[in-house]
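Chain A is the first sequence line, chain B the second, and so forth, proteins listed ahead of strands; every chain is numbered from 1. The model shown is predicted, which means the values in this text are computed figures rather than measured ones.
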Amino acid sequence: MRKELAKTYDPQGIEDRIYKNWEDKKYFHAEVDYSKKPFTIVIPPPNITGQLHMGHALDNTMQDILIRFKRMQGYNALWQPGTDHAAIATEVKVIDALKEQGIDKNDLGREGFLEKCWDWRKEYGTRIVNQLKKLGSSCDWDRERFTMDEGCSNAVQEVFIKMHEKGWIYKGSRIINWCPVCKTSISDAEVQYEDQAGHFWHIKYPLIEEDGSISKTRFLEFATTRPETMLGDTAVAVHPEDDRYKDVIGRKVWLPFVDRQIPIVADEYVDREFGTGVVKITPAHDPNDFEVGKRHHLPEINILNDDATINANGGKFVGMDRYECRKQIVKELNEMGLLVEIEDYSHNVGTHDRCGTTVEPMIKPQWFVKMDELIKPAVEGIKNGDIKLIPKRMEKTYFNWTDNIRDWCISRQLWWGHRIPAYTCDKCGEITVARQKPETCPCCGHDHLTQDPDTLDTWFSSALWPFSTLGWPEKTKELEYFYPTDVLVTGYDIIFFWVIRMIFSGYEQMGQKPFNTVLFHGLVRDALGRKMSKSLGNGIDPLEIIHEYGADALRMTLITGNAPGNDMRFYNERVIANRNFGNKVWNASRFIMMNMPEGQEAGPDMPGALNAEDKWILSRFNTVVKEVTENMERFELGIAVQKVYDFIWDEFCDWYIEMVKPRLYQSDDQASKDAALWTLQTVLIGSLKLLHPYMPFITEEIFTTIQSREETIMLSAWPVYREDFAFPHEEKGISMVKEAVRAVRNIRAERNVAPSRKAKIYVVSDSDEVLDTFREDEVFFKTLAFASDLELQKDKAGVPDGSISAVLPAETLYIPLADLLDVQAEIARLQKEEKRLQGELKRSAGMLSNEKFLAKAPAAKIEAEKEKQKQYEVQMEGVRKELEQLRSM
RNA sequence: GGAACCGUAGCUCAGCUGGGAUGAGCGUCCGCUUGACGUGCGGGAGGUCAUGGGUUCGAUCCCCGUCGGUUCCACCA
């Protein structure tokens with residue numbers, strides 16, 4: 001039974017069927033095979049809590065395109081998939097879900113809660129994976145990993161222990177960002193600053209007089225945006241060179257409410273120009289003050305509980321919420337006459353990127369990764385080009401971060417995550433870092449140790465992803481073969497969180513880079529250019545788009561017209577346009593199939609009797625293959641697919657197929673017919689292959705229907721440049737086709753200008769030609785026939801040179817060229833062309849006589865220039881000849 | 001405060017290392033039931049490539065400045 005294509009392409013059903021087939025046949029699976037070159041991509045692991053959004057869709061489409069492209073090129077392509085436990089994100093969700101059932105996290109206890117988390121993962125961890133499959137992602141699902149599976153957990157533990165031994169992981173009391181709602185520390189990268197309207201409270205502290213009394217006349221005035229932190233003040237600071245305060249340095253001021261006398265210290269940190277030049281110092285609740293405090297050995301007084309209420313150090317304010325306390329303090333200061341003024345002030349407030357809560361800087365014992373040494377190879381690797389960032393400008397962002405890097409706070413007061421492998425002796429407090437809980441304390445021999453309750457930052461495990469997924473710390477053959485990976489595709493918003501951390505982890509743990517290239521994409525925004533967000537409700541669900549238009553249309557929309565690293569706008573009209581393109585491909589294929597006699601599949605060998613238009617489209621296809629491949633190798637996916645799109649729609653469908661119709665329908669010449677059919681199939685199948693990485697489903701459906709030799713397009717060979725398709729550019733037939741195209745356009749224009757004219761017309765040029773058939777009742781130019789067919793009829797009709805004629809089966813009519821072409825316009829065009837060529841020739845001559853250019857430019861470039869010059873000369877000659885001819889008409 | 005990006009057709013955007021505004025989608029106007037496709041076909045209108053200056057034989061593309069927009073980083077209490 002001969003296969004057929006349905007009248008219309010309906011992605012629903014077809015896509016799922018095709019995907020299942022691919023999966024069943026294990027086409028996505030890659031095994032270590034030293035006879036083939038590997039090409040590896042590791043997926044940025046989506047959160048198990050996640051729902052597929054446009055960002056994922058873009059990210060994974062790009063990866064799938066690259067993987068499919070390389071797979072077809074014959075590489076052993078591995079797309080390593082997996083999911084991320086996403087510590088805090090998941091924990092928050094699970095807590096919320098429990099809350100709805102009226103369950104509190106703490107009532108369940110650690111074990112009980114973790115069980116709920118694993119249940120969650122079981123339920124939702126597969127959801128995102130299934131959604132990725134809907135997109136067409138050709139991941140090797142047999143190798144799917146999870147950041148908290150056994151292997152990845154081993155990797156985490158191994159790295160922690162190694163780095164601790166090296167002294168690069170340490171525990172210390174440092175100022176960290178604390179989220180009072182999530183009740184955990186967070187890293188600098190997780191703090192999001194946003195502008196908030198606030199106030200500047202101008203406050204004064206009374207000076208302590210020589211006799212120890214509190215002055216009623218002398219004050220030190222300063223301003224603050226967080227008055228409540230004064231409860232933790234342990235000094236005020238001035239600039240050492242500030243003449244206004246030189247005499248009070250070393251003396252003390254009185255701190256109200258807690259009745260403390262605190263010193264006036266001199267520190268360069270103070271900006272004399274800003275405000276009064278006096279700063280209150282709260283070492284426990286401000287990073288800068290913390291540093292000042294260290295320099296002057298000031299006490300650090302923590303005034304906050306973990307939920308940001310005031311603790312016992314806050315005296316009478318104990319138990320109050322931080323903002324309540326602020327109000328109260330301001331009120332009382334005012335009553336005491338110590339409030340000078342309140343100023344409106346807009347300032348940046350640090351918030352937690354997960355929950356939006358204003359973070360409080362606090363001093364807490366936490367685990368840190370020492371960054372100064374670790375970051376060095378990561379900086380060097382980018383600088384010396386070991387790793388390439390695309391687009392290159394991302395390097396600046398990268399260095400901006402690495403240059404200002406601070407130690408990384410990795411401990412989190414969460415339960416869902418990798419527990420820190422550190423054990424504290426209940427007796428002597430000695431901390432032991434080990435793979436397993438020690439039986440006895442190596443310090444005092446006590447036999448009861450408690451594991452650190454904290455877990456690790458989720459990015460700690462993601463940082464190891466490129467090698468932990470390949471089996472590290474085991475020495476696997478996968479690791480040897482697939483590592484370093486080739487490309488990492490991700491959004492630029494994640495560069496600090498993830499990309500940098502993978503890079504330094506790769507260099508440190510593996511001794512080499514984790515990937516060769518990082519390909520960044522931008523954000524997918526809504527039609528108005530806004531970020532898609534839950535709160536705005538402007539998110540577009542990729543699954544709905546897939547449901548309505550198909551994954552192919554969605555993928556095309558995400559890739560076309562977009563440059564690396566640039567944000568894009570998503571709107572339905574673009575999806576529809578791409579759906580329409582799919583429809584076009586479908587119908588062109590249907591046309592070819594319905595003209596194919598059964599069993600007549602195009603073989604690899606080119607028939608001898610090719611017509612001019614066959615050669616033309618083959619040579620065009622050849623060029624497109626070359627260019628598209630080059631673009632794709634340079635990761636210029638948007639440009640590459642645009643070329644395929646234009647080629648298929650314009651040149652192949654609108655011109656070639658139309659040109660070839662008379663041969664299929666009317667010609668008796670079987671050889672010519674066969675040549676047409678061969679060319680149609682060859683170019684179609686080749687184009688389908690070029691398109692496959694972008695539109696995997698429709699191309700597979702057509703491919704498996706139109707030919708029977710291969711069972712899937714995804715494992716078929718990527719088209720390569722063929723010498724035998726590279727017909728010399730000047731070959732008469734090909735230039736003739738171009739001329740024909742131009743002439744037909746002129747004629748069509750003519751028809752539109754004067755549609756009432758019933759002349760029966762046409763063909764082009766005085767050389768060999770093109771003819772356009774038409775219906776009797778109107779001047780309608782649709783199809784073309786070419787020289788070979790025409791020659792004969794032309795003789796019959798006695799068409800004179802220098803005219804354009806139309807040939808109908810029965811009769812031939814002609815009108816002079818001048819009637820069809822607007823001679824004046826044509827002359828103007830040619831004159832313009834002549835001028836341009838003059839310019840080009842001048843440039844060429846200039847370059848070729850430029851000593852500097854000849855000395856410095858690569859030989860190939862000089863050759864190319866000479867070649868260009870020759871071409872210009874030829875073109876110029878042609879233009880002048882044509883002009884002469886037109887002028888004489 | 002530092003940095004990056006953007007400003008090209010009515011709208012959204014491509015345009016690789018300087019050499020014809022080369023251009024796409026959508027929109028718009030005109031004409032088409034053409035033996036694959038109206039999810040289509042043909043034709044047209046529409047652009048001082050933000051602005052001023054510089055380098056060059058030549059700049060949308062390079063350099064400097066200005067204006068407008070977006071974003072990232074840092075953060076001064």
Side-chain angles (χ1 to χ4, degrees), chain A residues 5 7-9 193 200 222-226 229 236-237 269-271 273-282 286-289 292 347-348 350 391 393-394 396-397 399-401 403-404 492-493 495-496 522-523 525 527-529 531 549 553 557 560-563 565-574 576-595 630-631 634 636 638-639 642 645-646 649 653-654 657-658 661 664-665 744-745 748-753 755 774-775 778 780-783 832-833 835-837 839-840 842-847 868:
Chain A
L5 293 174
K7 188 143 177 29
T8 52
Y9 175 69
Y193 287 91
F200 227 174
F222 58 88
T224 179
T225 53
R226 297 189 300 158
T229 61
V236 292
Y269 155 71
V270 182
D271 179 359
E273 310 298 318
F274 190 87
T276 57
V278 180
V279 187
K280 68 192 260 309
I281 301 295
T282 322
D286 183 281
N288 288 308
D289 293 5
V292 175
H347 60 138
N348 267 341
R393 69 179 129 90
M394 292 302 170
K396 294 214 170 173
T397 314
F399 292 133
N400 185 16
W401 177 265
D403 289 348
N404 300 302
Y492 60 76
D493 51 328
I495 184 165
F496 307 126
L523 265 43
R525 295 169 176 278
L528 300 174
K531 244 184 203 173
Y549 302 103
T557 305
T560 48
N562 185 240
N566 284 5
D567 290 354
M568 69 183 318
R569 295 190 191 197
F570 191 96
Y571 45 102
N572 257 9
E573 286 80 358
R574 294 189 47 220
I576 291 169
N578 287 304
R579 188 270 320 259
N580 293 353
F581 174 63
N583 183 255
K584 187 73 185 174
V585 174
W586 184 259
N587 279 302
S589 307
R590 251 174 17 103
F591 170 78
I592 292 167
M593 279 206 75
M594 66 178 55
N595 281 291
E630 281 169 6
N631 285 133
R634 287 198 295 261
E636 295 162 355
I639 296 173
Q642 190 68 54
Y645 180 104
D646 289 343
W649 203 317
C653 291
D654 288 349
I657 290 184
E658 295 304 334
K661 274 179 180 173
L664 296 177
Y665 294 140
V744 168
R745 285 211 165 114
R748 285 168 175 170
E750 174 81 1
R751 174 186 60 109
N752 276 330
V753 170
F774 58 93
R775 317 203 119 200
E778 61 172 3
F780 185 80
F781 306 95
K782 176 67 180 173
T783 52
K832 214 175 143 196
E833 177 71 5
K835 233 179 174 175
R836 181 188 72 92
L837 285 168
E840 294 285 10
K842 193 175 158 193
R843 171 188 66 86
S844 237
M847 275 176 82
K868 268 191 199 169

Taking side chain to side chain contact (heavy atoms under 4.5 Å, CB included) as the test, write out the residues that go with A:Asn583, two or more places apart. A:Asn587

Pairing residues for A:Ser589 by the side chain to side chain donor-acceptor pair (under 3.5 Å) criterion, not counting sequence neighbours: none

Which residues pass the ring pair (Phe, Tyr, Trp, His ring centres under 6.0 Å) test with A:Phe222, not counting sequence neighbours? A:Tyr205

Side chain to side chain contact (heavy atoms under 4.5 Å, CB included) partners for A:Tyr193, two or more places apart: A:Val191, A:Asn348

Round to the nearest Å and state the distance from A:Asn578 atom CG to B:G40 atom P. 12 Å

When you match A:Tyr492 and A:Arg634 each to their closest nucleotide on RNA chain B, which lands nearer the 5' end? A:Arg634

Using both pair distances under 3.5 Å as the test, note the stems of at least 3 consecutive Watson-Crick or G-U pairs that include RNA chain B. B:1-7 with B:67-73, B:10-14 with B:22-26, B:28-32 with B:40-44, B:50-54 with B:62-66

Listing time: all N or O pairs from protein to nucleotides 73-77 of chain B that are below 3.5 Å?
{"from": "B:A74", "atom 1": "N6", "to": "A:Asn348", "atom 2": "ND2", "distance (Å)": "3.2"}
{"from": "B:C75", "atom 1": "N3", "to": "A:Asn348", "atom 2": "ND2", "distance (Å)": "3.0"}
{"from": "B:C75", "atom 1": "N4", "to": "A:Asn348", "atom 2": "ND2", "distance (Å)": "2.6"}
{"from": "B:C76", "atom 1": "OP1", "to": "A:Asn288", "atom 2": "ND2", "distance (Å)": "2.3"}
{"from": "B:A77", "atom 1": "OP2", "to": "A:Tyr345", "atom 2": "OH", "distance (Å)": "2.8"}
{"from": "B:A77", "atom 1": "O3'", "to": "A:Thr225", "atom 2": "N", "distance (Å)": "3.1"}
{"from": "B:A77", "atom 1": "N6", "to": "A:Asp271", "atom 2": "O", "distance (Å)": "2.9"}
{"from": "B:A77", "atom 1": "N6", "to": "A:Phe274", "atom 2": "O", "distance (Å)": "3.1"}
{"from": "B:A77", "atom 1": "N1", "to": "A:Asp271", "atom 2": "N", "distance (Å)": "3.3"}

Using a cut-off of 4.0 Å on non-hydrogen atoms, how would the nucleic acid contact of A:Ile281 be classed: base, sugar-phosphate, or nothing? nothing

Apply ring pair (Phe, Tyr, Trp, His ring centres under 6.0 Å) to A:Tyr549 and list each qualifying residue two or more places apart in sequence or on a separate chain. none

Check side chain to side chain donor-acceptor pair (under 3.5 Å) between A:Asn404 and all other residues, then give those that pass, not counting sequence neighbours. A:Asn400

Who are the salt bridge (Lys or Arg N to Asp or Glu O under 4.0 Å) partners of A:Arg226, not counting sequence neighbours? A:Asp286, A:Glu360

Measure from the side-chain N and O atoms of A:Arg579 to the backbone N and O of A:Ala553, and report whether any donor-acceptor pair falls under 3.5 Å. no

Review item, nucleotides 11-14 of chain B N/O atoms under 3.5 Å of protein N/O:
{"from": "B:U12", "atom 1": "O3'", "to": "A:Arg569", "atom 2": "NE", "distance (Å)": "3.1"}
{"from": "B:U12", "atom 1": "O2'", "to": "A:Tyr571", "atom 2": "OH", "distance (Å)": "3.3"}
{"from": "B:C13", "atom 1": "OP1", "to": "A:Arg569", "atom 2": "NE", "distance (Å)": "3.0"}
{"from": "B:C13", "atom 1": "O2'", "to": "A:Gly561", "atom 2": "O", "distance (Å)": "2.9"}
{"from": "B:A14", "atom 1": "OP1", "to": "A:Asn566", "atom 2": "ND2", "distance (Å)": "3.1"}

Contacts of A:Tyr9 that satisfy ring pair (Phe, Tyr, Trp, His ring centres under 6.0 Å) - sequence neighbours left out: A:Trp586

Nearest whole angstrom, please: distance from the C1' of B:G42 to the CG of A:Asp654. 9 Å

Using the salt bridge (Lys or Arg N to Asp or Glu O under 4.0 Å) criterion, which residues pair with A:Arg393? Sequence neighbours excluded. none

Could you give the NZ-to-C1' distance, from A:Lys396 to B:G2, as a whole number of Å? 12 Å

Assign A:Ala588 to base, sugar-phosphate, or nothing according to its heavy-atom contacts below 4.0 angstrom with the strands shown. base

Taking the side chain from A:Asp567 and the backbone from A:Gly522, do they hold a donor-acceptor pair closer than 3.5 Å? no

Look at A:Trp649 and B:C41 and indicate whether a side-chain polar atom (N or O) is within less than 4.0 Å of OP1 or OP2. yes

